[in-house]
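Have a look at the structure below before the remarks.
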Amino acid sequence: MDRRTLLAATPVLAAAGTAAAQPAAPALVGRPMPKLEQPEPLPPDRRVGFAVVGLGKFALNQILPAMGECRKARLAAVVSGDPAKGARIAAQHGAPRHYTYENFDEVARDLAVQVVYVILPNVFHRPFTERALRAGKHVLCEKPLATTAADARAMIAAARSADRWLMTAYRAQYEGFNREAIRRARSGELGPLRLITSDHGRPVKPEDPADEWRIRQALSGGGSLHDVGVYAVNAMRYLSGEEPAEAFATIASDPADPRFREVEDRVAWQFRMPSGLLTQGSTSYSYRETKRLTVFGEKATLRMDPATDYDLRRMWLAPEGETETEILLPLRNQFAAMMDHMAESVLENRAPRTPGEEGLRDLLAIEAIHESARTGRWVRVPPV
Ligand code: NDP
């Protein structure tokens with residue numbers, strides 16, 4: 001019997017011999033959009049263009065890398081006093097233009113730039129913000145917004161008269177753990193709040209170029225309180241939703257330590273909030289790096305340590321009568337979230353969550369802290 005006759009006479013073998021009986025080969029097909037875990041990014045040409053001013057430690061290590069995770073912001077230019085560095089960084093990060101401090105005003109004609117992000121030593125925050133506003137740009141400005149409350153008021157007035165948004169770059173207020181802490185503290189979940197403590201400090205190292213200007217009053221405008229204590233001042237306000245009514249403080253600096261010839265080292269302060277809530281803070285340029293806070297409520301205590309780190313946040317909750325448990329949340333890029341928020345303000349023409357007034361309120365509290373340390377008395381914190 002030949003092969004064809006054998007197949008015809010044997011049904012199983014016949015079926016196996018036809019192509020139709022083969023299991024279908026899987027086909028490559030397109031599928032509908034999956035459910036997205038994050039908002040969809042805007043196409044690059046519809047994103048808001050940022051010019052980053054000052055290519056120092058923070059700009060290069062945190063901000064420019066975070067641009068890659070933005071959905072609504074994009075890098076449109078960099079501005080540096082060192083043109084070779086400006087050209088190199090612009091090329092590495094795909095920025096079409098780079099400016100110097102001398103030719104920066106030409107940015108007025110650069111339609112790709114809508115926001116100027118000021119990341120310069122503190123004393124330059126006001127003049128550069130005003131320059132950017134004169135060029136018709138919105139401004140995102142690093143903390144502290146200015147070196148004095150008077151300068152911060154002038155920046156807010158300049159933004160208003162230029163009809164542009166001014167935002168204080170308070171990244172912690174765009175960060176998931178801190179947002180969750182705010183929600184729990186303000187929702188009543190912890191019970192009425194009784195006390196908030198926060199300690200923020202680190203050893204200042206003048207041999208690091210990024211710390212050189214921090215110990216020079218003419219460039220920094222102040223010591224640990226302006227630089228890192230401001231995180232604690234801001235946290236006390238955003239966790240409670242209250243504005244300090246009065247401040248009391250002590251400042252101490254070792255006169256033999258050359259780092260503290262011009263700026264303060266340690267500050268310990270208290271605020272009385274209008275509801276009766278007390279807060280207690282410390283900052284230092286000489287203690288081990290610390291970035292922590294605790295919210296004591298009648299029903300529970302919430303603790304974060306570190307609370308405001310670049311890469312890590314941890315949070316614990318201890319309800320009355322129970323042991324403390326850790327609250328786990330995804331770690332998202334707070335710098336990208338902050339820049340996207342500024343981009344949204346521009347796209348939707350609405351005030352940012354941390355406008356200039358938010359930076360001004362902290363400077364008013366900082367000035368009350370300094371005055372209390374000078375006079376040894378409780379000092380009223382003026383309203384905005
Ligand atoms: P750096 O010293 O590392 O960078 C400052 C940059 O400003 C310099 O690299 C330089 O950029 C430019 N610059 C212009 N003039 C001067 C001058 N006279 N002295 C020194 N620098 C000058 O500082 P940081 O990046 O640490 O801090 C910059 C700002 O960012 C500060 O306001 C700081 O408070 C804030 N910051 C905020 C943080 C946050 O988490 N939100 C963290 C760290 C800092 P170029 O060479 O390109 O001209």
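Positions are given from 1, in the same order as the sequence printed here. Both ligands and their constituent atoms are indexed starting at 1 by order of listing.
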Given Phe128, Phe58, Phe124, which has its nearest heavy atom closest to atom 25 (O) of ligand 1?
-> Phe58
Determine, considering heavy atoms only, which of Asn122, Val53, Asp227 sits nearest to atom 32 (O) of ligand 1.
-> Asn122
Looking at Arg353 and Glu358, does any basic side-chain N land under 4.0 Å from a carboxylate oxygen?
-> no
Assess Gln62 for proximity to ligand 1: is some non-hydrogen atom of it under 4.0 Å away?
-> no
In the protein, what heavy atom is nearest to atom 8 (C) of ligand 1, and what distance, to one decimal place, separates them?
-> Gly56 CA, 4.2 Å
Starting from atom 5 (C) of ligand 1, locate the nearest protein heavy atom and write down its residue, its atom name and how far away it is, to 0.1 Å.
-> Pro121 CD, 3.9 Å
Can you list the ligand 1 atoms lying under 4.0 Å from a non-hydrogen atom of Gly81?
-> 45 (P), 47 (O), 48 (O)
Element-labelled atoms of ligand 1 that are located less than 4.0 Å from some non-hydrogen atom of His125 = 32 (O)
Could you find the nearest protein heavy atom to atom 44 (C) of ligand 1 and give me its residue, atom name and distance?
-> Arg214 NH2, 3.4 Å
Decide if the gap between the ring center of Phe58 and the ring center of Phe335 is smaller than 6.0 angstrom.
-> yes
Short N/O distance, under 3.5 Å, between Leu219 and ligand 1?
-> no
Can an N or O of Leu55 be found at a distance shorter than 3.5 Å from an N or O of ligand 1?
-> yes
Is it true that the side chains of Asn178 and Glu175 contain a donor and an acceptor less than 3.5 Å apart?
-> yes
Identified side-chain contact (heavy atoms from CB on, under 4.5 Å) partner of Trp165 from the options Val115, Val139, Asn349 | Asn349
From Met338, Lys143, Glu142, Glu212 - option closest to atom 34 (O) of ligand 1 by heavy atom | Lys143
Which residue and heavy atom of the protein sit nearest atom 29 (C) of ligand 1, plus the separation | Leu120 O, 3.4 Å
Give a yes/no on ligand 1: does His226 have at least one heavy atom closer than 4.0 angstrom to it?
-> no
Between Val116 and Leu133, is there a shared hydrophobic cluster once you connect ILVMFWY residues whose side-chain heavy atoms come closer than 4.5 Å?
-> yes
Show which atoms of ligand 1 fall inside a sub-4.0 Å distance from at least one heavy-atom site of Ser80.
-> 45 (P), 46 (O), 47 (O), 48 (O)
Backbone or side-chain N or O of Asp82 under 3.5 Å from ligand 1 N or O = no
Closest protein heavy atom (residue, atom, distance) for atom 39 (C) of ligand 1 = Tyr231 OH, 3.0 Å
Tyr101 heavy atom under 4.0 Å from ligand 1 | yes
Starting from atom 40 (O) of ligand 1, find the nearest protein heavy-atom neighbour and note its residue, name and distance.
-> Arg171 NE, 2.6 Å
Taking the six-membered ring for Trp, is the centroid-to-centroid distance between Phe104 and Phe128 below 6.0 Å?
-> yes
How far is atom 1 (P) of ligand 1 from its nearest protein heavy atom, and which residue and atom name does that atom have?
-> Trp213 NE1, 3.7 Å
Between Arg160 and Glu357, is there a side-chain N and carboxylate O pair less than 4.0 Å apart?
-> yes
Is a side-chain N or O of Ser372 found less than 3.5 angstrom from the main chain of Ala249, in a donor-acceptor match?
-> yes
What residue and atom, counting heavy atoms only, is the protein's closest point to atom 46 (O) of ligand 1, and at what distance?
-> Lys85 NZ, 2.8 Å
Is a side-chain donor-acceptor pair under 3.5 Å present for Glu246 with Gln270?
-> no
Less than 4.0 Å between a side-chain N and a carboxylate O, is that true for Asp211 and Arg202?
-> yes
Take Thr197 and Leu195 through the test side chain to side chain contact (heavy atoms under 4.5 Å, CB included) and record every step on the way to the result.
-> CA-CA 7 Å; Thr197 65; Leu195 185 81; 3.8 Å; yes
Heavy-atom contacts with Tyr310 under 4.0 Å: which atoms of ligand 1 show up? List them by number with element.
-> 40 (O), 42 (C), 43 (C)
Pairwise side-chain contact, Arg97 with Asp110, heavy-atom cut-off 4.5 Å (strictly under) = yes
Would you say Tyr117 contacts ligand 1, with heavy atoms under 4.0 Å as the rule?
-> no
Does a donor on one side chain and an acceptor on the other come within less than 3.5 Å for His200 and Ser198?
-> yes
